[in-house]
Undergrad: 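Submitted below is the structure of interest, expressed as structure tokens.
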Amino acid sequence: MSAQIIDGKAVAKAVKQGLKERIARLAEAGVQPGLAAVLVGDDPASHTYVNSKAKACKRLKLYSEIIERPADISQDELTGIVRSLNENPKIHGILVQSPLPGHIDEMAVTMTIDPAKDVDGFHPVNVGLMLLGRPGLLPCTPHGIVKLLDHAGIDPAGKEVVIVGRSNIVGKPLGAMLVQKAKMANATVTIAHSRSANLARITRRADILVAAVGSPEMITSEMVSDGTVVIDVGVNRVDDPGTEKGYRLVGDVAFDTCVEKASYITPVPGGVGPMTIAMLMSNTISAAEAITGHAI
Ligand code: NDP
């Protein structure tokens with residue numbers, strides 16, 4: 001039996017459609033939500049991500065700014081840019097695109113962002129609120145995954161969720177969200193990583209398996225049990241001389257074989273990726289509402 005494909009593009013479109021009413025309400029009050037993206041260096045993938053975020057803003061008629069700086073920017077200059085964005089009334093959301101050059105202390109930069117404008121949800125204040133199950137700005141990729149599950153009618157309550165990857169931006173926050181005593185949560189969560197022994201034994205236990213590793217097609221069909229919901233976060237460029245760009249994107253999951261075993265599966269591209277951007281738009285609007293006193 002072949003899995004149902006969870007169409008992230010369609011769900012992201014629906015999420016963005018749902019934001020339009022809130023954007024219109026803010027416009028009536030004279031508020032245009034604004035997002036600033038700080039882009040350091042010339043990493044091509046970072047440029048692509050930031051441009052997609054700016055395009056999404058444009059489509060929703062949000063204000064957006066991209067602040068580009070060379071890779072040799074100093075820590076002080078970068079934190080100075082963030083501080084001035086904190087004070088800028090046109091800006092309600094600030095993101096500093098990672099990866100940053102090795103000489104930059106990324107956490108120190110994140111901690112400079114006003115938590116009210118931290119639309120990536122990476123500031124320790126927002127991370128703490130999330131862990132405590134209190135309202136705050138949630139990190140976009142994990143929040144997008146929860147929305148995808150919700151749209152597909154998959155309630156994680158009581159389910160075994162196995163997340164492969166323990167990064168601060170995907171694995172750990174997703175685990176923290178799904179373990180909450182709350183709607184679209186109440187799961188039993190295992191977080192696996194590169195030191196986990198016998199990974200296949202762990203992943204085969206999953207009712208919902210999330211791969212967030214950054215290793216092309218490392219989750220093979222032998223690691224997936226029949227009927228598992230498979231969410232693929234990975235975005236990996238693999239060489240493909242037959243394509244115009246010379247590469248193609250693949251996930252962390254061997255899609256062609258896992259699709260035969262899973263009950264639901266997300267494709268790459270077109271699964272989790274579009275949701276990350278949709279949730280960033282949602283956070284920017286929530287931040288604008290909260291900062292300007294127009295929260296619902
Ligand atoms: P990180 O590199 O920060 O984390 C990768 C995690 O995978 C680490 O916890 C690492 O373990 C674990 N890992 C590595 N190798 C193995 C292995 N062989 N077995 C088990 N675990 C392993 O990655 P990110 O979380 O930032 O990103 C993961 C992937 O998701 C990437 O492909 C990235 O491009 C993609 N991504 C996609 C997004 C989207 O919107 N679609 C958004 C964010 C990320 P350890 O901690 O022990 O090193």
Side-chain angles (χ1 to χ4, degrees), residues 6-13 15-16 37 43-56 95-100 102 106-107 110 119-122 127 138-149 161-178 189-206 209-220 222-224 230-238 247-255 265-283:
I6 304 179
D7 183 349
K9 263 195 198 164
V11 181
K13 201 171 164 195
V15 168
K16 284 185 275 186
D43 177 54
S46 294
H47 274 76
T48 307
Y49 291 140
V50 166
N51 287 333
S52 316
K53 291 164 187 177
K55 256 192 224 156
L95 70 89
V96 181
Q97 185 66 43
S98 76
L100 290 174
E106 197 157 341
M107 187 40 77
T110 300
V119 284
D120 265 337
F122 296 162
V127 175
L138 294 170
C140 301
T141 303
H143 194 194
I145 292 169
V146 174
K147 287 273 175 204
L148 270 185
L149 293 173
V161 176
V162 174
I163 301 163
V164 188
R166 57 174 161 187
S167 73
N168 289 332
I169 64 168
V170 188
K172 277 196 260 179
L174 180 62
M177 280 182 203
L178 291 176
V189 177
T190 301
I191 301 182
H193 44 77
S194 69
R195 304 291 293 273
S196 298
N198 202 345
L199 185 62
R201 182 176 52 84
I202 300 168
T203 57
R204 278 197 295 263
R205 268 199 340 242
L209 176 61
V210 182
V213 179
S215 175
E217 302 182 332
M218 61 97 60
I219 301 290
T220 58
E222 297 76 49
M223 299 168 79
V224 176
V230 178
I231 306 290
D232 191 354
V233 186
V235 181
N236 308 290
R237 285 184 182 197
V238 296
Y247 69 86
R248 68 196 157 86
L249 295 181
V250 299
D252 289 343
V253 173
F255 184 90
I265 192 165
T266 61
V268 176
V272 174
M275 290 306 291
T276 299
I277 294 186
M279 300 326 292
L280 179 70
M281 298 300 107
S282 170
N283 273 354

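Numbers for residues simply follow the sequence, beginning at 1. Note that ligands are numbered from 1 as they come in the structure, with each ligand's atoms numbered from 1 the same way. Hydrogens, waters and symmetry mates play no part in the numbers below; they use all other heavy atoms, side chains included. Predicted, not measured: the structure shown is a model, and the values here were computed from it.
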Undergrad: Looking at Glu217, is its backbone amide N or carbonyl O close enough to the side chain of Asp252 to form a donor-acceptor pair, meaning the two atoms are under 3.5 Å apart?
TA: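 Side chain of Asp252 to backbone of Glu217: no pair is present.
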Undergrad: Should you measure from each heavy atom of Gly165, which atoms of ligand 1 turn up under 4.0 Å away?
TA: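 Listed by number with element, the hits are 6 (C), 7 (O), 9 (O).
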Undergrad: Going by the order shown, which atoms of ligand 1 are within less than 4.0 Å of some heavy atom of Met218?
TA: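 Near Met218, the atoms of ligand 1 are 17 (C), 18 (N), 19 (N).
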Undergrad: Report the nearest protein non-hydrogen atom to atom 34 (O) of ligand 1: residue, atom name, distance rounded to 0.1 Å.
TA: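 Result: Val235 O, 3.5 Å.
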Undergrad: Can you sort out the partners of Asn283 under side-chain contact (heavy atoms from CB on, under 4.5 Å), two or more places apart, ordered by chain and number?
TA: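 Counting only residues at least two positions away or on another chain, Asn283 forms a side-chain contact (heavy atoms from CB on, under 4.5 Å) with Val119, Leu137, Cys140.
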Undergrad: Any non-hydrogen side-chain atom of Val164 less than 4.5 Å from a side-chain atom of Leu209?
TA: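 Yes, their side chains come closer than 4.5 Å.
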Undergrad: Give a yes or no answer on whether the side chain of Thr203 reaches the backbone of Met223 with a donor-acceptor pair at less than 3.5 Å.
TA: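 Yes, because the side chain of Thr203 sits within donor-acceptor range (under 3.5 Å) of the backbone of Met223.
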Undergrad: Does Met218 reach the side chain of Leu199, with side-chain heavy atoms less than 4.5 Å apart?
TA: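 Yes. Closest side-chain heavy atoms under 4.5 Å.
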Undergrad: For atom 44 (C) of ligand 1, which protein heavy atom lies nearest, and how many Å away is it?
TA: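 Nearest protein contact, heavy atoms only, for atom 44 (C) of ligand 1 is Val170 CG2, 4.0 Å.
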Undergrad: So is Ser215 close enough to ligand 1, meaning a heavy atom under 4.0 angstrom away?
TA: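 No, that is not the case, since the closest heavy atom of the residue is not under 4.0 Å from the ligand.
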Undergrad: Can you name the atoms of ligand 1, numbered from 1 with element, that are less than 4.0 Å from a heavy atom of Gly273?
TA: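 Counting from 1, the qualifying ligand atoms are 40 (O), 41 (N).
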Undergrad: Contact between Ile219 and Val224 at the side-chain level, heavy atoms closer than 4.5 Å - yes or no?
TA: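 In contact.
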Undergrad: Check ligand 1 against Ala212 and write out every atom of the ligand that is under 4.0 Å from a heavy-atom position of the residue.
TA: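 Counting from 1, the qualifying ligand atoms are 5 (C), 6 (C), 7 (O), 28 (C).
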Undergrad: Starting from atom 42 (C) of ligand 1, find the nearest protein heavy-atom neighbour and note its residue, name and distance.
TA: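 Going by distance alone, atom 42 (C) of ligand 1 is nearest to Thr141 OG1, 3.3 Å.
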Undergrad: Say you draw a straight line from CD1 of Ile191 to CD1 of Ile202; how long is it, rounded to the nearest 0.5 Å?
TA: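 Those atoms lie 12.0 Å apart.
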Undergrad: Is any side-chain heavy atom of Ile231 less than 4.5 Å from a side-chain heavy atom of Val253?
TA: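 No - every pair of side-chain heavy atoms lies 4.5 Å or more apart.
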Undergrad: I need the nearest protein heavy-atom contact for atom 9 (O) of ligand 1: residue, atom name and distance, please.
TA: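 Heavy-atom neighbour on the protein nearest atom 9 (O) of ligand 1: Arg166 N, 2.8 Å.
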Undergrad: From Leu174 CG over to Ile169 CD1, what is the distance, rounded to the nearest 0.5 angstrom?
TA: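 It comes to 12.0 Å.
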Undergrad: Considering only heavy atoms of Thr276, which atoms of ligand 1 have at least one such atom less than 4.0 Å away?
TA: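 So the answer, numbered in order with elements, is 39 (C), 40 (O).
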Undergrad: Any idea which atoms of ligand 1 are less than 4.0 Å away from a heavy-atom of Gly214?
TA: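 By the 4.0 Å cutoff, the relevant atoms are 28 (C), 29 (C), 31 (C), 32 (O).
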Undergrad: In the protein, what heavy atom is nearest to atom 26 (O) of ligand 1, and what distance, to one decimal place, separates them?
TA: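 Ranking protein heavy atoms by distance from atom 26 (O) of ligand 1, first comes Ile169 CD1, 3.5 Å.
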Undergrad: CD1 of Ile265 to CZ of Phe255: how many Å apart, nearest 0.5 Å?
TA: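 Rounded to the nearest 0.5 Å, the CD1-CZ separation comes to 5.0 Å.
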Undergrad: Please write down residue, atom name and distance for the protein heavy atom closest to atom 1 (P) of ligand 1.
TA: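 Looking only at protein heavy atoms, the one closest to atom 1 (P) of ligand 1 is Ser167 CB, 4.0 Å.
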Undergrad: Closest non-hydrogen protein atom to atom 5 (C) of ligand 1, residue and atom name please, with distance?
TA: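 For atom 5 (C) of ligand 1, the nearest protein heavy atom comes out as Val213 O, 3.3 Å.
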Undergrad: Is the closest heavy atom of Met275 to ligand 1 under 4.0 Å?
TA: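 Heavy atoms of Met275 never come under 4.0 Å of ligand 1.
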Undergrad: For Val162, does its backbone N or O pair with a side-chain atom of Thr190 as donor and acceptor, under 3.5 Å?
TA: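 No; judged by distance alone, with no hydrogens or angles, the pair does not exist.
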Undergrad: So if I count the atoms of ligand 1 from 1 in the order they appear, which ones are less than 4.0 Å from some heavy atom of Val164?
TA: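 Result: 20 (C), 21 (N).
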Undergrad: Provide, to 0.1 Å, the distance between atom 10 (C) of ligand 1 and the closest protein heavy atom, together with that atom's residue and name.
TA: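 Residue, atom and distance for the closest contact: Ser194 N, 4.3 Å.
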Undergrad: Check whether Thr110 reaches the backbone of Glu106 with its side chain - one donor and one acceptor, N or O, closer than 3.5 Å.
TA: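 Such a contact is found between Thr110 side chain and Glu106 backbone.
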Undergrad: Relative to the heavy atoms of Asn236, which atoms of ligand 1 are at a distance of less than 4.0 Å?
TA: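 So the atoms of ligand 1 that pass are 32 (O).
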Undergrad: Identify which of Val233, Val250, Leu249, Leu199 has a heavy atom lying nearest to atom 36 (N) of ligand 1.
TA: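 The option holding the nearest heavy atom is Val233.
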